[in-house]
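Following: one structure in structure tokens, then a few remarks.
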Amino acid sequence: MVLSSQFLLVIYLLFLSSVLCQVTEFISIDCGGTSNYTDPRTGLAWISDMGMMNSNGKSVLVENPNGDWMQYRKRRDFPIDSTKKYCYTLGTKERRRYIVRATFQYGNLGSDQDTYPKFKLYLDATQWSTVTVLDGLRVYVKEMIIRAPSNSIDVCICCATTGSPFISTLELRPLNLSMYATDFEDNFFLKVAARINFGAPSKDDIRYPDDPYDRIWESDLHKRQNFLVGEAPGTVRISTSKNIDIRTREYPPVKVMQTAVVGTQGVLSYRLNLEDFPANARAYAYFAEIQDLGANETRKFKLQQPYMPDYSNAVVNIAENANGSYTLYEPSYMNVTFNFVLSFRFVKTRDSTQGPLLSAIEISKYQKIAAKTERQDVTVLEALCSMSDGSGWTNDGGDPCIPYSINTSVVSSIRDDSTDLLCSALSGKNIKGEIPSELKNMEALTELWLDGNSLTGPLPDMSSLINLKIVHIENNSFSGEIPRALLAGKINFKYENNPELHKRKMRFKLILGSSIGVLAILLVLFLGSLYLLHNFRRKILVQKNNEKGDSLRTSTKPSTAYSIARGGHFMDEGARSLIRKGDVISVVDPILIGNVKIESIWRIAEVAIQCVEHKGCSRPGMQEIVMAIQDAIKIEKGSDQKLSSGSSRAQSSRKTLLTSFLEIETPDLSNGCMAPSFLLVIYLLFLSSVLCQVTEFISIDCGGTSNYTDPSTGLAWISDMGMMNSNGKSVLVENPNGDWMQYRKRRDFPIDSTKKYCYTLSTKERRRYIVRATFQYGNLGSDQDTYPKFKLYLDATLWSTVTVLDGSRVYVKEMIIRAPSNSIDVCICCATTGTPFISTLELRPLNLSMYATDFEDDFFLKVAARINFGAPSKDAIRYPDDPYDRIWESDLDKRQNFLVGEAPGTVRINTSKNIDIRKREYPPVKVMQTAVVGTQGVLSYRLNLQDFPANARAYAYFAEIQDLGPNEMRKFKLQQPYMPEYSNAVVNIAENANGSNTLYEPSYMNVTFNFVLSFRFVKTRDSTQGPLLSAIEISKYQKIAAKTERQDVTALEALCSMSDGSGWTNNGGDPCIPVQWDWVTCSSSTPPRITKIALSGKNVKGQIPSELKNMQALTELWLDDNSLIGPLPNMSNLINLKILHIGNNSFSGEIPRALLTGKINLKYENNPELHKQRFRLIFGSSIGVLSILLVLFLGSDDKGGRLSNVNWFILLKSSSGDSLRTNTKPLAAYYANQQLTKKSDVYSFGVVLLELISGRKPVSVEDFGSDLNIVHWARSLIRKGDVISIVDPILIGNVKIESIWRIAEVAIQCVKQQGYSRPRMQEIVQAIQDAIKIEKGSDQKSSSGGSDAQSSRKTFLSSFLEIETPDLSNGCIEPSAR
């Protein structure tokens, strides 16, 4: 059948339609241009940026512009302002690929200018380039290939260091389908470094219309400094006028592929500089055999430089690789590293008769995509901008924060992995309406300035803005109640001149609960204790609530601690979590702030939390609750628990809101009289609390051989014999530490840098603990010459480097933690000298809010010093004097650089009186009964802090233990180290602590100390007594290191459980940190991920655990030579898996399709019951499909070469496949109703093609999930350039990837949403013919030698279809089939 002129016309019109569709999406902006126009050279429409940039910048005539290009006659100059950015916003389709191009031609310098500009160019938040103009006549081109991250992008200019920033043009060019797809486009753009046309006929660049995508192919004749130098001798330029088949992935223009350079002497080499390199890059080489070689002539060559093993060993045979002459072959190098100076060199092979040939190259740098401002923050700003019509401040473009905040007077920000807004300053900006509700999502906001506007309505809930510190809303028209979160005292809140805005009405709430019945219970308790307490009176103020009908009534239910507390304001999980963090302010009703004292609130909150402990045995008795309430009232009647700059005796007598409300007086203890029965109750309660605490102690004698009770403390110690299995050995200590039984032996571990030795301790998640490890080595043995040095880890966190310098000293390492899970690991490893060892390991639980910090989610507290001043001896104080068994080191235990520089006049004092230590940290009474005093007005010391300088939490403990006369007072300040927040405050212990012999414990939440800490207290001028100090504690904030990803650990634990008693399962601690388990390999990411599991021949039994599917970083899995059974699990989630060895097991069933894609090196021999999936037809499950393809190839109907709807549906209905019959019923119904169009056929056929390629049903929950079908699934993968994941695994290795790509591309075009975008049936026929042509040709791969046999082979697909490619050499289409 002769190829008619009509058919040629159809082909031409189809191509023209495709190009025109592409061009209509082009965006071409003449920056500085004053009108729109059509470029006569290209026919492209250019638009002026006059309406885009508002008043930003000015249009400037270019002196000596670039030839006749209209777009370079003017440029747009922007002001020189280092705080501003100037942005263009371009509309895009999310996830579509584009070329974004900005060009810059400055022209000659003006008479008032002495330097060319230098400034920065950004794409969204990503720094694109630094534009440095050195030659005013040169057009500088900056080009980026992107997959659009959203429905628009911003191109911004800023940060000029010299001259005025400017721009000449800005262009956006959409790309098709999989062009320039990479595996890394979620995180990287492609920044074009070079795109060169070799053998070009002139210096002119090739671009649109020769390239329908308007890429700029720079001529190799366009020589400039360090551009294509070092050309090899014998390099000649060749060209052809014949058409080149360029239909592969990147579609370089035919005009580029019609020229080339050839190394006639066997070598082709060049050298060029690559801007912003060294870097990782994506590179493309374009070849086409455009010389007619003789029968005995061959062209074979290799890439010799740069040498890359994956590519340099492959032989390029263009005609063979491309399936013929005048056909494109385009190998790409997905991820290679190039230097700033790139030298490349192709050399011919020994058996080649022709030299290497090259038509074009492209090199693009992987440019890391920077995170933009958090989307929810941007949404709020956009809402605020919409509330102020026409105001200049709303016209800021680009990202609000990067590279500069949109307006430093409007917002400020902080950079981290993502960017959050810290401050929004919109005072007097003519904003109208209500505050947008989205404001509640700006969690990083610290300041909000909305004063002086026309805002109305109620204030939104701001309780989620946990970082908010300042809110100014004065001079607006807000109405309603102020939310309680703004009145909590944490926020500097200004709201005057809002007449309709008011605080919440004062509805008094009982602190201890919402039921007045609670007071009745307390009343009964106090009346029953009248014989114990003297001078007791009571009065209860009852405020009835008529709306709720509350009344004073006595509960008839049992009065347990839990029943009293459970209705209270504090008693839910939210209150518990806040109190555990040390944040009681957030629990308190804002109405109480300023009316009650924080210490009284703490006292009530602590006992309330104890009341709602899950275990009844942990709850307090009623007497303890009464005592806590009495303590709170005592605090309320006393003076404030704050540092004061002077006397405040008036405060001590005032009645606060809480005192007036309860009016329950504290028993008078001034005469020392208290009923013996009451004292007995108190003693028993205290004893019960201590015993409960002690039963949770864990005390391990490392190296000990038996369990025992320490006679000096009564604490139970256990041996580690059963914990460490065969790890280490018990060693007698020569010259142990006194009579302490736990230091008579130690546990030594082998010297092995690849091993760690770990103890696992059980904890309660989120409870605070002291973890303590001690080390006493004793004397060196006769065969030893050095003391040990090794590392200590807590979970994945480096705790300390243990360096033994004195064998007789006990080295104590102590960490205060909030347990991150239900267990912790303490590990020893990495010895650099001597043998690693340990003496004891201890775990001590703490109560409630002890040592709570604002940073405990991210930091442990590593104890650097805990010192008891005025101690009576060198002995440390610990349990039982301290019920939490902290070690309070004596200030008499002098050693090098420890408490030196004592001030003259320092004296030691003590008392035998009881000290009230019931505050936050509960230091032991025995510590608080001693102190040092600076009798000459100064108290100073100096000591070294290990692992400092660092940020620290510090505590100072004071108690007035001297009886001062009426005219005597003790007032002093912290002079050194000077810290403005603390050093200006005056300490008056008796006043701050509400009396003598009572603890006052100011803490310094986050301070920075140097390695050498000097501290100095000095008395004030009006003080009669010198400064006093009882104790200090200093702890370093130790950053918590990330442990191995939990889902990976879960899978490893499951594998360990499948091999009983094997030694390899006894690895302790974290699988990756500080050293890896010997059968895993880990990534260096944070957190670490498992990348390899090596369990060959490890006696693993059972089925592969399902948890394995979550190990997404896994690249290698070796499970061969075990006793594994059952089916193989679905491993489609393991996207990085490259090697899977499961041979010599007893697996059964089908191998999952994901393992047969060719991406994975799968070894599964000697699994008799394991098999590949049953054979399926290559192109689908229905023979009816073959009928469709057959008719398409055999010809057309009598009305113009296209099958009619009727004929197509007859074929579909007559097909024998059940699935096709089912799928076509709805189509037939549509046809019967006259609702089908020609493009409906195309869409349906596209779905069929996708079914044929993948072997999957069009709708399948199993394959695509409930929300996806085959079209969505295939489209997303093809957009990523990943066609392999679509293909039926049975096809892998039997069909060629290029033929699959051809079918996949036309299938995706068929299922476009708009009918006009779909191809015609003739185009589909052509695509199928192309695929068959590729199948009958030779492989599209580089070969290490000749492969004549390959070129003639029939692949699986060719043999199955047996449809020959039409012969077009004589201008005829004559399809044939067998």
Kindly indicate whether the side chain of [X], heavy atoms from C-beta on, has any atom under 4.5 Å from the side chain of [Y].
| X | Y | value |
| --- | --- | --- |
| Arg767 | Arg818 | no |
| Leu805 | Tyr811 | yes |
| Leu974 | Met979 | yes |

Parallel, tilted or perpendicular: which describes the rings of [X] and [Y], with under 30° parallel and over 60° perpendicular?
| X | Y | result |
| --- | --- | --- |
| Tyr941 | Phe869 | tilted |
| Tyr1037 | Phe855 | perpendicular |
| Tyr957 | Tyr955 | parallel |

Salt-bridge test for [X] and [Y]: reply yes if a basic N is under 4.0 Å from a carboxylate O, no otherwise.
| X | Y | value |
| --- | --- | --- |
| Arg895 | Glu889 | yes |
| Arg766 | Glu856 | no |
| Asp891 | Arg908 | yes |
| Lys919 | Glu921 | no |
| Asp882 | Arg886 | yes |
| Glu1033 | Arg866 | yes |

(request) Identify whether NZ of Lys or CZ of Arg in Lys1019 sits under 6.0 Å from the centre of the six-membered ring of Phe972 and within 45° of that ring's axis. (result) no
(request) May I ask you to establish whether Arg953 and Tyr1004 are in a cation-pi arrangement, using a distance under 6.0 Å from NZ or CZ to the six-membered ring centre and at most 45° from the ring axis? (result) no
(message) Within the supplied structure, the quantity of interest is the number of heavy atoms (other residues, nucleotides, ligands) at a distance under 6.0 Å from Lys874 NZ; does it exceed 12?
(response) no
Are the side chain of [X] and the backbone of [Y] linked by a donor-acceptor contact shorter than 3.5 Å?
| X | Y | answer |
| --- | --- | --- |
| Tyr884 | Tyr769 | no |
| Gln1038 | Leu798 | yes |
| Lys862 | Trp799 | yes |
| Asn992 | Asn988 | yes |

(message) Is there a side chain to side chain contact (heavy atoms under 4.5 Å, CB included) between Phe697 and Trp717? Walk through the geometry before answering.
(response) CA-CA 9 Å; Phe697 281 10; Trp717 285 80; over 6 Å; no
